[in-house]
Amino acid sequence: MSEIFLSNRLENLLETLQERLFSSNEFRQKTVVVASRGMKRWVKGRILAARGSFFGVNLVTLGEFLRPSLPTFEEIAIKVFGKLHSISEIQDYLEGKGREEREIALALHIAALFLNYNGLGMILPENEWQNELFEKTFQTKDLIFPFDEISFFGFSHLPKPLFEMIGKGGIATYILSPTLHYWEDLKKGEHPLLGNLGRMGRVMARHVAEQKGEEQKIYSLPHPIAEHPLFAIHLLGEEHVENRPITLLNALQADLLLMREGEKLPLSWDETVEIHVTSSKEREVEVLKERLFHLMSDGGAAPGEILVMAKDIA
């Protein structure tokens, strides 16, 4: 039976992971699978700072871990190319001069689409030709987990087939989930932010609910929020006296955790949450650069204290 750890803070998850990693035989190889290279650097830095050693731990990204088991982009494109003739809905598009070029271009496009869909665990629309082609083409091989100790750390979403295999393998999974509550059935109007941004999280919540494993929740509120009576009573069952100011970020974190729109607290504008609207991608990067310089000059932050998360920033 697998163990599933849920938290709204990576620090909570990492503390639990370290306790489990280093409580057993340190000479036994331990593999920790993380979502990205950025997460890999963060985890390694934290463990080194806490222990001064990284002995016995092998950190790999999910892509590195799955690479021997998943078909390559080229393999999928070749399979798709060989199946296109059997899909009646697209024959009119393919007919005529330049058919082979159109088939090649379509096969490459669909191969990329299938890889993205499989990686995200998304479901193609039923009764559509893409779904029929997907079922004919894409079959993930069963993963054979090595005998060393494996943990999956810091994921907010995993494809269902992979998550089921992890469960069957009895592997501990450390999942980031922003809310204490089961939010798979959340409607957009019930919580404007989670309703718009949390689709993949709701899918993962359903996967966790369906998985037969031991769950442990390690949630925490920001200290200024935990000390405020309007919030503390929901999580701790008792009132605390507020003695520190609550920032916009604190309030947002608490509203996500408790899955509500929030109390009408007397919050003033601060710089903990900023939204910038720009006219182009280039201008986005320029604004980011300006804000980073501001943080390091007026804000007094060091480069090592700043994390930038931006997809395809190149």
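Basis for what follows: all heavy atoms, side chains included, without hydrogens, waters or symmetry-related copies.
Considering all non-hydrogen atoms of both residues, Thr247 and Asp270 come closest at CA-OD2, 3.4 Å. In this structure, Gly300 and Glu305 approach most closely via the heavy-atom pair O-OE1, 4.4 Å. For the pair Lys217 and Leu180, the tightest heavy-atom approach, listed with the atom from each and the gap, is NZ-O, 3.3 Å. Contact between Thr272 and Leu249 at its shortest, heavy atoms only, is OG1-N, 3.1 Å. A pairwise comparison of heavy atoms in Phe153 and Leu14 identifies CE1-N, 3.5 Å as the closest pair. Nearest heavy atom pair, residue Arg20 against residue Glu149, reads O-OE2, 4.1 Å.
The distance from the CD1 atom of Ile175 to the CD atom of Glu215 is 8.5 Å, given to the nearest 0.5 Å. One distance of note links NE2 of His85 with NZ of Lys83; it measures 7.5 Å at 0.5 Å rounding. One distance of note links CG of Leu252 with CG of Leu257; it measures 11.0 Å at 0.5 Å rounding. Here the CG-NZ distance, from Leu17 to Lys30, works out to 10.5 Å after rounding to the nearest 0.5 Å. To the nearest 0.5 Å, the span separating CZ on Phe163 from CD on Glu210 amounts to 9.5 Å. Distance check, rounded to the nearest 0.5 Å: CZ of Arg202 to OG of Ser177 gives 12.0 Å.
Counting heavy-atom neighbours within 6.0 Å of Glu274 CD, excluding the residue itself, gives a total above 12. Around atom CZ of Arg102, more than 12 heavy atoms belonging to other residues, nucleotides or ligands sit under 6.0 Å away. Within 6.0 Å of the OH atom in Tyr182, the count of heavy atoms belonging to other residues, nucleotides or ligands exceeds 12. The environment of CD in Glu95 is crowded: more than 12 heavy-atom neighbours from other residues, nucleotides or ligands sit within 6.0 Å. With a 6.0 Å radius and a threshold of 12 heavy atoms from other residues, nucleotides or ligands, His109 has its NE2 atom at or below the threshold. Within 6.0 Å of CZ in Arg41 there are 12 or fewer heavy atoms belonging to other residues, nucleotides or ligands.
Annotation: side chain of Val308 is in contact with side chain of Leu292 (closest heavy-atom distance under 4.5 Å). Residues Met204 and Ser156 fail the side-chain proximity criterion, which asks for heavy atoms closer than 4.5 Å. Side-chain contact between Val32 and Leu21 is present, with at least one heavy-atom pair separated by less than 4.5 Å. The shortest side-chain heavy-atom distance between Val203 and His157 falls under the 4.5 Å cut-off.
Using modelled atom types, no side-chain atom of Glu103 and backbone atom of Leu84 make a donor-acceptor pair closer than 3.5 Å. Between the Asn12 side chain and the Ser7 main chain, no donor and acceptor come within less than 3.5 Å of each other. For the pair Arg46 (side chain) and Glu15 (backbone), a donor-acceptor distance under 3.5 Å is absent. Side-chain atoms of Lys40 do not come within 3.5 Å of backbone N or O of Thr61 as any donor-acceptor pair. Looking at Ser151, its side chain never comes within 3.5 Å of a backbone N or O of Ala172 through a donor-acceptor pair.
Hydrophobic clustering (ILVMFWY, side-chain heavy atoms < 4.5 Å, transitive): Ile150 and Val60 are in one cluster. Val287 and Val273 end up in different hydrophobic clusters when Ile, Leu, Val, Met, Phe, Trp and Tyr side chains are linked at under 4.5 Å. Ile218 and Leu176 fall within a single hydrophobic cluster, where Ile, Leu, Val, Met, Phe, Trp and Tyr side chains are chained together by heavy-atom contacts under 4.5 Å.
Salt bridge status for Lys289 with Glu286: absent, with no side-chain N to carboxylate O gap under 4.0 Å. Note on Glu290 versus Arg283: salt bridge recorded, some NZ/NE/NH1/NH2 to OD/OE distance being below 4.0 Å. A salt bridge is defined here as a Lys NZ or Arg NE, NH1 or NH2 lying under 4.0 Å from an Asp or Glu carboxylate O, and Glu164 with Lys168 fails to meet this definition.
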Checklist entry - Step by step, would you call Thr173 with Val208 a side chain to side chain contact (heavy atoms under 4.5 Å, CB included)? => result CA-CA 10 Å; Thr173 313; Val208 171; over 6 Å; no
Item to check | Full working for side chain to side chain contact (heavy atoms under 4.5 Å, CB included) between Thr179 and Leu256 | outcome: CA-CA 6 Å; Thr179 175; Leu256 291 175; 5.8 Å; no
Next on the checklist: I'd like to know whether Trp42 forms a side chain to side chain contact (heavy atoms under 4.5 Å, CB included) with Leu10, so could you lay out the CA-CA distance, the side-chain angles of the two residues, the decisive distance to 0.1 Å, and finally the verdict.
Outcome noted: CA-CA 10 Å; Trp42 184 83; Leu10 270 177; 3.7 Å; yes
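Contacts of Glu101 classified as side chain to side chain contact (heavy atoms under 4.5 Å, CB included), with partners at least two apart in sequence or in another chain: none.
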